[in-house]
Engineer: 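Can you keep this structure in mind? I'll have questions shortly.
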Amino acid sequence: MARANTAATVEQLPHLCSFARGFRHDHAAVSAGLTLPHRSGAVEGTVNKIKMLERQMFGRANFDLLRIRVLHTL
């Protein structure tokens, strides 16, 4: 793994170099995310549904109606 990080730095590819730097900085978090059984899929799905409702209602109604629609769909 260190070889890939070093190669990205040597090649001077800015996007890949930034990714490698971030990977080295957050190595513990990346490792935990790949090995632990916890998933955030349900939360991501709920957030996606709320954003879709917001897009549908943009400029048409106020926050109170959005709140009612979100609570009704959950």
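Residue numbers start at 1 and run along the sequence shown.
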Engineer: Can you check whether His15 and Phe19 have ring centres sitting under 6.0 Å from each other?
Structural biologist: no
Engineer: Quick one: list whatever passes side-chain hydrogen bond (donor to acceptor under 3.5 Å, both in side chains) with Gln56, sequence neighbours left out.
Structural biologist: Arg69
Engineer: I need the Leu16 CG to Arg21 CZ distance, nearest 0.5 Å.
Structural biologist: 10.5 Å
Engineer: Quick one: side-chain contact (heavy atoms from CB on, under 4.5 Å) partners of Phe63, sequence neighbours excluded?
Structural biologist: Leu66, Arg67
Engineer: Count I, L, V, M, F, W, Y as connected when their side-chain heavy atoms are under 4.5 Å apart, and connections chain through other members. Are Phe58 and Met52 then in the same cluster?
Structural biologist: no
Engineer: State which residues pass side-chain contact (heavy atoms from CB on, under 4.5 Å) with Asn62; sequence neighbours excluded, sorted by chain then number.
Structural biologist: Asp64, Leu65
Engineer: Do any pairs count as a side-chain hydrogen bond (donor to acceptor under 3.5 Å, both in side chains) and have a residue in residues 31-42, sequence neighbours left out, and if so which ones?
Structural biologist: none
Engineer: Members other than Val43 in its cluster, when Ile, Leu, Val, Met, Phe, Trp, Tyr link by side-chain heavy atoms under 4.5 Å?
Structural biologist: Val47
